[in-house]
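In what follows, a structure is listed as structure tokens, so that the remarks can point back to it.
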Amino acid sequence: MIAEAKTPAMGAIVTFPGIVRDNGLERMELEVNGDVAVREFDPIGDAAAERFRLRSVDVVHRIGSLQVNDSILPIIVGAAHRKEAFAGCESILERIKERIPVWKKEIAPRGARWAEGNPGP
């Protein structure tokens, strides 16, 4: 994805992988409201691209069963300058967390529970 995002006009590419932490988990299951996600993803990226003058925006929100160290939410943004790239990447991450409902079920050796703030679908 990084190689595909590069253009000669870019001076910076910022990546955010969003990784499943080892909090004693065996794995994590993610569910998302697909209708909301499809409706919201492009406007979030478009708004960040305009505001921060980003030259590329690539976002993938994974769902399903993920293991510790798996990437949950790869975000790759490119801009002419690093400040815009970092700010744009952070803005996209925060808007996704605000606007796209994702439920996280944590599976540990002693059982499973929905992550705090996520009552489950």
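Hydrogens, waters and symmetry mates are skipped; everything else that's a heavy atom, side chains included, is used.
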Decide yes or no on side-chain contact (heavy atoms from CB on, under 4.5 Å) for Val59 and Ile44, but give the supporting numbers first. CA-CA 10 Å; Val59 180; Ile44 289 170; over 6 Å; no
List the steps and the verdict of side-chain contact (heavy atoms from CB on, under 4.5 Å) for Ile92 and Val57. CA-CA 9 Å; Ile92 290 167; Val57 174; 3.7 Å; yes
Just do the side-chain contact (heavy atoms from CB on, under 4.5 Å) check on Val102 and His61 with the steps written out, would you? CA-CA 9 Å; Val102 176; His61 202 306; 3.6 Å; yes
Let me see the working for Ile72 and Leu66 under side-chain contact (heavy atoms from CB on, under 4.5 Å), right down to the final yes or no. CA-CA 8 Å; Ile72 299 171; Leu66 301 176; 3.8 Å; yes
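Under a 3.5 Å cut-off, the side chain of Arg62 and the backbone N or O of Ser71 do form a donor-acceptor pair.
Taking Arg95 as the reference, Glu98 meet the salt bridge (charged side-chain N to carboxylate O under 4.0 Å, His left out) condition, with sequence neighbours excluded.
Residues Val36 and Arg39 have side chains in contact (heavy-atom distance under 4.5 Å, counting atoms from C-beta outward). Contact annotation: the side chain of Val32 approaches that of Ile100 to within less than 4.5 Å [non-hydrogen atoms, C-beta and beyond]. With contacts defined as side-chain heavy-atom distances shorter than 4.5 Å, the pair Ser65/Met28 does not qualify. Taking the side chain as every heavy atom from C-beta outward, Ile75 and Leu93 approach each other to under 4.5 Å. Under the 4.5 Å side-chain criterion, counting only non-hydrogen atoms from C-beta, Pro74 is not in contact with Phe16. In this structure, the side chains of Trp114 and Glu31 come closer than 4.5 Å at one or more pairs of heavy atoms.
Nearest approach of Met10 to Ala5, heavy atoms of both residues: CE-O, 2.8 Å. Closest heavy-atom contact between Glu26 and Gln67: O-OE1, 3.2 Å. Of all heavy-atom pairs between Cys89 and Val77, the closest is CB-CG2, 3.7 Å. Of all heavy-atom pairs between Gly88 and Leu54, the closest is CA-CD1, 4.0 Å. Summarising the geometry of Ala85 relative to Ala79, their closest heavy-atom pair is N-CB, 3.8 Å, with the distance given to 0.1 Å. In terms of heavy-atom proximity, Arg55 sits nearest to Ala9 at NH1-CB, 3.2 Å.
Criterion: ILVMFWY side-chain heavy atoms under 4.5 Å apart, direct or through other members. Under it, Leu25 and Ile19 are not part of a common hydrophobic cluster. Linking Ile, Leu, Val, Met, Phe, Trp and Tyr whenever their side-chain heavy atoms come within less than 4.5 Å leaves Leu73 and Val38 in two separate clusters.
Within 6.0 Å of atom CG in Asn23, more than 12 heavy atoms from other residues, nucleotides or ligands are found, so the atom counts as buried in its surroundings. Surrounding CZ of Arg51 are at most 12 heavy atoms belonging to other residues, nucleotides or ligands under 6.0 Å away.
The residues Arg27 and Glu29 are annotated as salt-bridged, a charged nitrogen and a carboxylate oxygen being separated by less than 4.0 angstrom.
The structure places CG of Asn69 at 12.0 Å from CZ of Arg21, a figure rounded to the nearest 0.5 Å. Ile63 CD1 to Leu30 CG: the interatomic distance, rounded to the nearest 0.5 Å, is 8.5 Å. Atom OG of Ser56 sits about 10.5 Å away from atom CD of Glu4, to the nearest 0.5 Å. Between atom CZ of residue Arg99 and atom CZ of residue Phe41 there is a gap of 11.0 Å, rounded to the nearest 0.5 Å.
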